[in-house]
Amino acid sequence: MLLHGERDGMVPASHSRRLAARIPGAELRLTPHDGHISVLAHAPAALDWLLAR
């Protein structure tokens with residue numbers, strides 16, 4: 001699971017897109033209104049994703 005806020009001013013979302021394309025079975029979730037830190041609000045959903053696997 002890769003979570004990335006598209007408004008991240010420190011690491012561009014293209015970085016996560018490249019990683020997701022190279023990691024077998026990876027799921028990329030881009031959140032359009034989140035930045036570098038605010039994306040952490042989606043951590044519970046990411047943990048649920050992990051538990052399901």
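For Leu40, the side-chain contact (heavy atoms from CB on, under 4.5 Å) test picks out Ile37, with sequence neighbours left out.
Heavy atoms only, all atoms of each residue included: Leu30 and Ala13 are closest at CD2-CB, 4.0 Å. Nearest heavy-atom pair, Ala20 versus Ala26, reported as atom, atom and distance to 0.1 Å: O-CB, 4.0 Å.
Checking side-chain atoms of His4 against main-chain N and O of Val39 turns up no donor-acceptor pair under 3.5 Å.
The side-chain heavy atoms of Leu2 and Leu19, taken from C-beta on, include a pair separated by under 4.5 Å. Between Thr31 and Glu6, every side-chain heavy-atom pair lies at or beyond the 4.5 Å cut-off.
One hydrophobic cluster, built from ILVMFWY side chains closer than 4.5 Å, holds both Leu28 and Ile23.
Distance check: Asp48 CG to His42 NE2 gives 13.5 Å after rounding to the nearest 0.5 Å. The line from CD of Glu27 to CZ of Arg53 is 6.0 Å long, rounded to the nearest 0.5 Å.
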Next item on the list: Apply side-chain contact (heavy atoms from CB on, under 4.5 Å) to Asp34 and Arg7, showing your working.
Entry: CA-CA 6 Å; Asp34 288 307; Arg7 291 189 178 181; over 6 Å; no
